[in-house]
Amino acid sequence: MSMIERVRASIPALPPAEQRVAKLVVADARSFASLPVSELAERAHVSKPTVVRFCRSVGYDGLADFKLKLAGTVNEGVPFVHRAVDEDDKPGDIIVKVVDNAVSALLKYRNDAASHAFERAIEALAGACRRGRRIEFYGVGNSGIVAQDAQHKFFRLGVSAVALSDGHVQVMSATMLQPGDCAVIISNSGRSRDLLDAADIARKKGATVIVITCSGSPLAQLASGGSHQILLAADHPEDYDRYSPMVSRLLHLMIIDILTTGVALRLPGELRPMLQEIKKNLRAKRYSPA
């Protein structure tokens, strides 16, 4: 649990005046970490000793200790606070919550992402590109849309890749994979039976299986058992049973962007002429007023 989350969880147990200080921390942690005690007290409508008492109530030595730890937290990026949308939210509230959820999730992922796993995934995909091996993206539902985006991005690199969203077709295609091929499995929940079957078949065929899903899921566990299985974990507090996935889809799209960029940088010589020709042909098709 992050420092901001601990402060939020402590609010019901605090005296009313200290609750106002806690809410000030949650609302604007960055400012709280930098403002003098007099201004903090004024903003929270409490006395200066109340601000200090609040810091001790939540387990810190005093205001200086609390602000030092808080500054370390906020300097890593926007605190990761997932704010659920409520039925009575107005459009302005919805804008703030949706954008804040997206921004904080992306910045948290920047700090938490395992670079060694990306290194392995990028090398496997770039190797498949160089050798003309198969690259396939599997996803269903919202994840199927991410798979289509991945196909489009790799297609622009001159790479022959396919996106498959039908469970039966995924199983058939996975059965035809061989060592050196890559299957990228995308799933929000990590519990889709079709995707689990396809991933297991691809693994048994010797293909490199790259899984984009949440940690601890059955699909994540399947991807952590060998040298040709790679887990790119995308964790978030979004309730995938209740809401249409939003934050998870953005994380998955960003992961695809990272993989595409990494592969493009591994193949600069081969790609440049193709990309220049694509841009030239696209420019020729643009509408020009007479």
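As the structure is a prediction and not an experimental result, all values here were calculated from the model.
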Decide yes or no on side chain to side chain contact (heavy atoms under 4.5 Å, CB included) for Ile185 and Ile212, but give the supporting numbers first.
CA-CA 6 Å; Ile185 319 291; Ile212 301 172; over 6 Å; no

Once you round to the nearest 0.5 Å, how far does CD1 of Ile210 lie from CD1 of Ile122?
9.5 Å

Can any side-chain N or O of Ser104 pair as donor or acceptor with the backbone N or O of Asn101 at less than 3.5 Å?
yes

Same apolar cluster: Val162 and Met172, side chain cutoff 4.5 Å:
yes

Can you find a pair of side-chain heavy atoms, one from Glu136 and one from Asp181, that are under 4.5 Å apart?
no

Applying side chain to side chain contact (heavy atoms under 4.5 Å, CB included) to Ile4 and Leu70, what does each step give before you reach the verdict?
CA-CA 8 Å; Ile4 307 299; Leu70 186 62; 3.6 Å; yes

Measure the OG1-CD distance between Thr50 and Gln19 for me, rounded to the nearest 0.5 Å.
12.5 Å

Does Pro179 reach the side chain of His228, with side-chain heavy atoms less than 4.5 Å apart?
no

Between Arg56 and Asp61, is there a salt bridge with N-O shorter than 4.0 Å?
no

Verdict with supporting geometry, Tyr109 and Val247, side chain to side chain contact (heavy atoms under 4.5 Å, CB included):
CA-CA 11 Å; Tyr109 191 80; Val247 169; over 6 Å; no

From CD (Gln221) to OG1 (Thr213), nearest 0.5 Å
10.5 Å

Verify same cluster id: Ile256, Leu267 (apolar side-chain graph, 4.5 Å):
yes

Determine the minimum heavy-atom distance between Met254 and Leu106, stating which atoms define it.
SD-CD2, 3.5 Å

Quick check: do Gln170 and Val140 have side-chain heavy atoms less than 4.5 Å from each other?
yes

Do Phe32 and Val26 sit in one hydrophobic cluster, given that two such residues count as connected whenever their side-chain heavy atoms are within less than 4.5 Å of each other, even indirectly?
yes

Reported SG-to-CG distance for the pair Cys55 and Leu63, which is rounded to 0.5 angstrom:
4.5 Å

Between Ala117 and Leu231 the two heavy atoms that sit nearest each other are CB-O, 3.6 Å

Let me see the working for Ser173 and Arg134 under side chain to side chain donor-acceptor pair (under 3.5 Å), right down to the final yes or no.
CA-CA 10 Å; Ser173 189; Arg134 295 170 62 182; 3.0 Å; yes

Are the side chains of Leu196 and Arg193 in contact, using a 4.5 Å heavy-atom criterion?
yes

Do Asp200 and Lys204 meet the salt-bridge criterion of a basic N to acidic O distance under 4.0 Å?
yes

Tell me whether Lys67 contacts the main-chain N or O of Leu35 through its side chain, where contact means a donor paired with an acceptor under 3.5 Å.
yes

Member of Leu253, Leu250, Val184 meeting the side-chain contact (heavy atoms from CB on, under 4.5 Å) criterion with Val146
Leu253

Is the shortest side-chain N to carboxylate O distance from Arg20 to Glu42 below 4.0 Å?
no

Show the numbers, then the answer: is there a side chain to side chain contact (heavy atoms under 4.5 Å, CB included) between Phe118 and Ile230?
CA-CA 8 Å; Phe118 273 99; Ile230 303 167; over 6 Å; no

Identify the two heavy atoms, one from Lys205 and one from Thr175, that lie closest to each other, and give their separation to 0.1 Å.
CE-O, 3.1 Å

Quick check: closest heavy atoms across Val169 and Asp166, and the distance to 0.1 Å?
N-OD1, 3.0 Å

Going from CG on Asp235 to OG on Ser215, what distance comes out if it is rounded to the nearest 0.5 angstrom?
3.5 Å

So, do Asp194 and Tyr138 sit near enough that their side-chain heavy atoms are less than 4.5 Å apart?
no

Quick check on Glu39: does its CD atom have over 12 non-hydrogen neighbours (other residues, nucleotides or ligands) under 6.0 Å away?
yes

State the CG-CZ distance between Leu259 and Phe137, to the nearest 0.5 angstrom.
7.5 Å

Within-4.5 Å side-chain heavy-atom neighbours: Arg203 and Gln229
yes

Quick check on the hydrophobic clustering: are Leu68 and Val52 connected, directly or via other members, by side-chain heavy-atom contacts under 4.5 Å?
no

The side chain to side chain donor-acceptor pair (under 3.5 Å) partner of Asn188 among Ser143, Ser248, Ser217 is Ser248

Test: Glu18 and Lys23 ion pair at under 4.0 Å
no

So do Val58 and Arg6 actually touch side chain to side chain, heavy atoms under 4.5 Å?
no

What are the two closest heavy atoms between Gly144 and Ser165, and how far apart are they?
CA-CB, 4.5 Å

Are Ile258 and Ile145 connected in the hydrophobic side-chain network, where two residues link if heavy atoms are under 4.5 Å apart?
no

Taking side chain as C-beta onward, heavy atoms only, is Val51 less than 4.5 Å from Val46?
yes

So which heavy atom on Leu24 is nearest to which on Leu40, and how close?
CD2-O, 3.7 Å

